[in-house]
Q: 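I have a structure I would like to understand better, so I am pasting it below and will then ask my questions one at a time.
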Amino acid sequence: MNRHRLLLLALLTLAFAGVAVLYVSNVRRDAATRFRTGLPVPASVLPEELLGPGKTIPKGPPRPPEIRPDDPLLSGNASSAVTIIMYGDFQCEFCREQSQALEDALRLTDRRDQVRVVWRDLPMINDHPRSMVAASVAACAARQGKFREMHDILFARATDLSDTEYLGFAKEIDLNLDAFQICLRDPAISFRLMRDIEQALSLSIASVPQLFVDGQPVSVFLDKEALAAVIRKQLSLKTPPVR
């Protein structure tokens with residue numbers, strides 16, 4: 001075999017190896033399931049019925065979750081006339097703005113006790129790498145009855161969402177620091193957050209902020225005046241007419 005053929009064979013071998021490496025790396029990165037051979041199969045080539053649970057988002061409008069007794073509240077209580085559920089992410093600027101608009105609307109209506117505002121975490125971990133940690137910090141503050149205080153300070157003053165920043169906030173709102181740090185290492189916290197993410201996807205909730213006003217989805221930003229008007233209307237529907 002002459003040198004030209006050897007050189008051509010070597011180039012073809014290198015090209016084949018490069019294509020094989022690229023294919024395998026792409027398949028592994030995009031793998032969602034496996035056939036009987038055990039080889040990973042890219043999600044992009046599979047029909048939806050072959051994808052595993054949590055890999056697809058059900059079609060249709062977002063649906064509200066069942067409210068749990070231990071869901072953190074930003075206002076009101078279980079006997080309040082109106083219920084608003086907000087899904088949010090502490091690293092999301094639009095969530096910060098929507099949360100502030102909601103707080104301002106409650107002030108405008110001056111009926112905070114009549115409006116139960118339930119918070120649900122939905123960290124967008126692909127876009128916001130520190131959102132899961134921030135949600136854990138808020139959940140651990142909730143264990144000490146200080147969720148609203150941590151919620152407010154995370155949205156108002158958090159900059160880099162660093163561990164040092166979290167510890168400073170915990171001191172500022174007078175948390176038991178030992179219990180707080182133990183809580184952050186509790187696997188039950190991350191397990192619940194992951195379960196909430198999976199449940200949100202099953203309810204067709206795939207973005208934040210997402211509001212539900214008495215069960216009705218609101219997937220667009222509402223400023224404080226619009227939210228105040230919505231709250232007043234819902235309260236009027238729950239108030240018996242004066243005779």
Q: Quick check: Phe90 with Phe155 (ring centres under 6.0 Å apart)?
A: yes

Q: If you compare all heavy atoms of Asp223 against all heavy atoms of Ala101, which two are closest, and at what distance to 0.1 Å?
A: C-CB, 4.1 Å

Q: Judged by atom type as modelled, is there a donor-acceptor pair below 3.5 Å linking the side chain of Asp214 to the main-chain atoms of Thr83?
A: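 A pair under 3.5 Å: yes.
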
Q: I'd like to know if the side chain of Thr109 pairs up with that of Arg232 as donor and acceptor (distance under 3.5 Å, no hydrogens or angles considered).
A: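 Note: Thr109 and Arg232 side chains miss the donor-acceptor criterion.
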
Q: Where the side chain of Arg63 meets the backbone of Ser202, is there a donor-acceptor pair that is under 3.5 Å apart?
A: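 Side chain of Arg63 to backbone of Ser202, a donor-acceptor pair under 3.5 Å: yes, one is there.
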
Q: Regarding Lys224 and Glu97, does a basic nitrogen lie under 4.0 Å from an acidic carboxylate oxygen?
A: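 Here Lys224 does not pair with Glu97 in a salt bridge, since their nearest N and O are not under 4.0 Å apart.
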
Q: Quick one: do Glu198 and Arg195 make a salt bridge, cutoff under 4.0 Å?
A: no

Q: So, are Asp70 and Arg192 salt-bridged, with charged N and O less than 4.0 Å apart?
A: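 Arg192 and Asp70: salt-bridged.
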
Q: Does the pair Arg130/Glu165 count as a salt bridge with the N-to-O cut at 4.0 Å?
A: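 A salt bridge is absent here (no side-chain N lies under 4.0 Å from a carboxylate O).
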
Q: Closer than 3.5 angstrom, by distance alone: can the side chain of Asp127 be matched with the main-chain N or O of Met124 as a donor-acceptor pair?
A: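 Checked: no pair found.
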
Q: Would you confirm whether Ser80, through its side chain, and Asn77, through its main-chain N or O, come within 3.5 Å as a donor-acceptor pair?
A: yes

Q: Counting distance only, does the side-chain N/O of Lys146 pair as donor-acceptor with the main-chain N or O of Ala141 below 3.5 Å?
A: no

Q: Are there over 12 heavy-atom neighbours, none belonging to Phe221, within less than 6.0 Å of that residue's CZ?
A: yes

Q: Which atoms form the tightest heavy-atom contact between Tyr166 and Val133, and what is the distance?
A: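 Heavy atoms of Tyr166 and Val133 come nearest at CE1-CG1, 3.4 Å.
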
Q: Taking Arg157 for the side chain and Phe169 for the main chain, is one N or O donor matched with an acceptor at less than 3.5 Å?
A: no

Q: Any side-chain to backbone donor/acceptor pair from Gln144 onto Asn176? Under 3.5 Å, distance only.
A: yes

Q: Would you say the side chains of Arg120 and Gln210 form a donor-acceptor pair under 3.5 Å?
A: no

